[in-house]
Amino acid sequence: MLLAFDDEAVLAQRLADALACPLAFIDRHRFPDGESRLRLPPQLPEHTVLLRGLQQPNEKFTELLLAAGGARELGARRLTLVSPYLAYMRQDMAFTPGEVVSQRQVGRLLAAAFDAVVTVDPHLHRVATLDEVLPGRRGVALTAAPLLGDWVATQRRGALLLGPDEEALQWVRAAAQRPGLAYATCTKQRHADRHVAVALPEGLDLRGRPVVLLDDVASTGHTLVEAAREALARGAASVDAAVTHALLVDDALARLQAAGVGQVWSTDSVPHTTNAVSIAGLLAQALHSLLS
Ligand code: R5P
C-alpha cells in the first residue's frame, strides 16, 4: 500500500498506478495550537510505502515521524519512505565551528523510522552514497537527469546542456548521453543565499545555439539567473531551464523569466506549475526491485 498526504496527490496517484497498488491518503487535522492529528488506515499491509517530499521540511518532519511510528503500530513491518526531494542533504559538514551537520542528524532520524529511503537527485557532495547518510538502512538515490535530457531533446533540437556549476557535471552528463546532446558546466561562487557569481567556461562558443540550463534543484533561482545572463551575453539563441526539483521559492520563477529564461521545465518531484516530466515510473521501478 502507498500512503500519501493530499498535497502530493498527483504524484501519489501516478505512483500508485505505476505500482498497481492501493493508495490511501493520511487524514490530517491541525489543532489551533499547531499540533497535528493524523489518521491512517486502521490496518496496514506488511509492506507499506510512505510518499513524502521534504520541500519546506521543517513543518513536515514531525508529521513524517508521527506517521512512521503510527504505521509500524498498525502493521507495517517493512516501511519505505519515498521522499522525491530529500531536504538537508546540502548541509553535510560543519562549515564553522559548532555548526550542526544537519545531513547527519536528519539521516539518523530517518534511519530510526524507516527501513529504506528512496529519493531522486539528492545533493550529495562530500558523501558518496545515500547509504552512508542512513546508518544501517538502505538508501536508494535515483536520478531524473536522463528523463530531463529526453524531454529537452524533444523541445529544443541541438540544445547544449549547461550545468550552472561544477557539481552539475554529473547531471548534464547523464542527461546528455541518451539523446546525444552536447554539454558543458560553468563555475560558481556563492557569496550568500541570494548572491552567486557564475562564469562560463572560457572559449565556449554559444553564438546562435539553444542553451538549456540543467541542475538538480532551483531554490531562489539566482544560480540559474546568473547562468542565463552569462549565456545570453555570450550570444546564445535561447536559454531555457530544466531541473529535477522546482523549489522556486518566492518570486524565483518571475526573476528567471525577467532574466530571459524562456521555458522552465521540472519533474513532478515537487508539485509546481513548471512540472513537465514525471518521475512516477522511475520511482515504481526502484520500489519493485527494492521490495521484491
Ligand atoms: C547547489 O549547488 C545546487 O545544485 C543548486 O545550484 C542550488 O541549490 C540552487 O540554488 P539557488 O536557486 O538558490 O541559486
Side-chain angles (χ1 to χ4, degrees), residues 53-58 83-93 95 99 101-103 106 119-128 130 133 141-149 152 161-176 183-201 211-232 239-267 269-275 277 279:
L54 287 170
Q55 54 280 4
Q56 307 296 336
N58 292 356
S83 189
Y85 176 69
L86 191 54
Y88 282 114
M89 292 300 104
R90 284 177 284 180
Q91 294 180 35
D92 60 359
M93 65 173 275
F95 295 91
E99 197 173 298
V101 182
S102 306
Q103 185 197 70
V106 166
T119 189
V120 182
D121 291 330
H123 199 99
L124 299 179
H125 185 31
R126 274 159 282 257
V127 300
L130 195 60
V133 180
L142 306 167
T143 180
L147 296 175
L148 288 173
V152 167
L161 295 180
L162 188 60
D165 54 29
E166 302 87 330
E167 290 169 14
L169 177 61
Q170 56 189 303
W171 296 299
V172 285
R173 191 162 43 199
Y183 63 90
T185 56
C186 305
T187 48
K188 177 172 88 178
Q189 272 193 304
R190 184 175 286 281
H191 303 293
D193 289 345
R194 293 168 194 276
H195 182 199
V196 298
V198 172
L200 292 173
V211 169
V212 177
L213 305 171
L214 191 132
D215 209 356
D216 58 335
V217 54
S219 177
T220 66
H222 281 271
T223 299
L224 295 180
V225 163
E226 293 309 318
R229 284 197 183 126
E230 294 297 319
L232 288 168
V239 175
D240 302 286
V243 294
T244 302
H245 310 294
L247 299 183
L248 293 172
V249 299
D250 305 329
D251 59 347
L253 188 57
R255 276 185 303 95
L256 282 170
Q257 287 158 349
V261 177
Q263 296 291 321
V264 179
W265 301 297
S266 63
T267 77
S269 75
V270 176
H272 194 268
T273 53
T274 57
N275 289 171
V277 173
I279 55 165

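The chain is numbered in sequence order, starting from 1. Whatever order the structure lists ligands and atoms in, that order sets their numbers, starting from 1.
When each of V198, D165, T223 is paired with R190, the side chain to side chain contact (heavy atoms under 4.5 Å, CB included) condition holds for T223 and for no other. Remark: of the listed residues T244, L147, D121, V120, T244 is the sole one forming a side chain to side chain contact (heavy atoms under 4.5 Å, CB included) with T267.
Residues V225 and L256 form a side-chain contact, since some pair of their non-hydrogen atoms from C-beta on lies under 4.5 Å apart.
Protein residues with a heavy atom under 4.0 Å from ligand 1 are R90, H123, D165, E167, K188, R190, D215, D216, V217, A218, S219, T220, G221, H222, T223.
For T274, the side-chain hydrogen bond (donor to acceptor under 3.5 Å, both in side chains) partners two or more places apart in sequence, or in a different chain, are S266, H272.
A salt bridge links R194 and D250; the closest N-O separation between the charged side-chain nitrogens and carboxylate oxygens is under 4.0 Å.
In this pair, H123 and W171 present their aromatic rings tilted. The plane angle is within the 30 to 60° band.
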